[in-house]
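Okay, so here's the structure we're looking at.
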Amino acid sequence: MFTIPTCYVSIQFQADCVLDLLSSFIVIWRYFGSPYRLGSRSREYKACISLGILFMVAGIGVIIEGVYFLYAKDAPKWYSTLVILAAVGCSVCVLLALAKYVLGKKLNSDTLLLDALNSFLSGLFALVIIVSDVVYLKNKAVWYLDPLLSIFLSVGLIAFGFRTIVMHCRRSQYITEDS
């Protein structure tokens, strides 16, 4: 039986799994109920604001964990199984993001578009695992690549979450009730 390095799995996979699970619950909540709620702009804005908050919280968590692992100088260990899982995860997440994007455009749903972005970021985090592990295998002096790239992506995630919250809070001021 193999063990997966806890350091790098916890940076990407744990935050990513929680973010995916919660964003899926938000999307389900957005479309749950009566079929007449499909056009509910109020519910759409609330779901988008919730996703923006989720992006910010997840980004802050990954940054804290990444800084900790940079401080601890915890070097990765090579596991081919982890790289294979990350490659499969990257491929599936990118395809899922594409499907959500197309569906979000057809339904004119910002919530689905944000969830598509979340799936795409999941694919990027998996790609970071692959790239950092391959680079580390070739050059042991570059042990810090995974936490550094994770921090970089998380800063973007926080900025996008903040932008989403501000943008949808402004829009929701004009909506007083469900349409």
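Only this structure's heavy atoms are used, side chains among them; waters, hydrogens and symmetry mates stay out. If you read the sequence from its start, that first residue is 1, and numbering goes on from there. Nothing here was measured: the structure is a model prediction, and the numbers come from that model.
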Q | All side-chain contact (heavy atoms from CB on, under 4.5 Å) counterparts of Val57, not counting sequence neighbours | A | Ile53

Q.
So, taking the atom named SG in Cys48 and the one named NZ in Lys46, what distance separates them when rounded to the nearest 0.5 Å?
A. 12.5 Å

Q: May I ask you to test the Phe55-Leu117 pair for a side-chain heavy-atom distance under 4.5 Å?
A: yes

Q. Taking side chain as C-beta onward, heavy atoms only, is Ile63 less than 4.5 Å from Ile158?
A. yes

Q: Over all heavy atoms of both residues, which pair between Ser132 and Leu145 is shortest? Give the atoms and the distance, please.
A: CA-CD2, 3.8 Å

Q: Just do the side-chain contact (heavy atoms from CB on, under 4.5 Å) check on Phe120 and Leu98 with the steps written out, would you?
A: CA-CA 8 Å; Phe120 181 72; Leu98 183 62; over 6 Å; no

Q: Report yes if the side chains of Leu157 and Leu121 come closer than 4.5 Å at any heavy-atom pair, otherwise no.
A: yes

Q: Would you sort out whether Tyr144 and Val142 count as a side-chain contact (heavy atoms from CB on, under 4.5 Å), showing the intermediate values?
A: CA-CA 5 Å; Tyr144 53 85; Val142 192; 4.2 Å; yes

Q. Does the ring of Tyr136 carry Lys140 above it, NZ/CZ under 6.0 angstrom from centre and within 45° of its axis?
A. yes

(Q) Side chains of Val62 and Ile151, heavy atoms from C-beta outward: is any pair under 4.5 Å? (A) no

Q: Find out whether Asp146 and Val128 are in side-chain contact, i.e. whether some heavy atom of one side chain is under 4.5 Å from a heavy atom of the other.
A: yes

Q: Would you mind reporting whether Phe69 and Leu148 have side-chain heavy atoms less than 4.5 Å apart?
A: no

Q) Would you find a donor on one side and an acceptor on the other, under 3.5 Å apart, between the side chain of Arg43 and the backbone of Phe32? A) yes

Q.
Determine whether Met56 and Ile165 satisfy the following criterion, side-chain contact (heavy atoms from CB on, under 4.5 Å), listing intermediate values before the conclusion.
A. CA-CA 10 Å; Met56 290 181 65; Ile165 292 169; 3.6 Å; yes

Q. CD1/Ile28 to OG/Ser23 distance, rounded to the nearest 0.5 angstrom?
A. 9.5 Å

Q. Rounded to the nearest 0.5 Å, what separation is found between the CD1 atom of Ile49 and the OG1 atom of Thr111?
A. 10.0 Å

Q: Mark yes or no for whether Glu44, through its side chain, and Arg30, through its backbone, hold a donor-acceptor pair below 3.5 Å.
A: no

Q: Considering non-hydrogen atoms only, spot the tightest contact between Gly66 and Pro147 and give its length.
A: O-CB, 3.7 Å

(Q) Would you say Val155 ends up clustered with Leu153 if hydrophobic residues are merged whenever their side chains have heavy atoms under 4.5 Å apart, either directly or through other cluster members? (A) yes

Q.
For the CG atom of Leu85 and the CD1 atom of Ile130, what is their distance to the nearest 0.5 Å?
A. 10.0 Å

Q: For residues Phe125 and Leu149, determine if any side-chain heavy atom of one lies less than 4.5 Å from a side-chain heavy atom of the other.
A: no

Q. What residues form a side-chain contact (heavy atoms from CB on, under 4.5 Å) with Leu113, not counting sequence neighbours?
A. Tyr101, Lys105, Asp110

Q) Any chance the side chains of Ser109 and Tyr31 put a donor and an acceptor closer than 3.5 Å? A) yes

(Q) With clusters defined by side-chain heavy atoms of hydrophobic residues (ILVMFWY) lying less than 4.5 Å apart, directly or transitively, does Leu124 cluster with Phe152? (A) no

Q. Would you say Ile84 and Leu127 are hydrophobically clustered, going by side-chain heavy atoms of ILVMFWY under 4.5 Å?
A. no

Q.
Just verifying a value: how many Å separate Leu103 CG and Asn108 CG, rounded to the nearest 0.5 Å?
A. 11.5 Å

Q: Check step by step if side-chain contact (heavy atoms from CB on, under 4.5 Å) holds for Asn118 and Leu51.
A: CA-CA 9 Å; Asn118 179 37; Leu51 285 172; over 6 Å; no

(Q) Testing the basics here: between Cys90 and Gly123, what is the closest heavy-atom pair and its distance to 0.1 Å? (A) SG-O, 3.4 Å

Q.
If I compare all heavy atoms of Ser119 with all of Cys93, which pair ends up nearest, and what's the gap?
A. O-CB, 3.3 Å

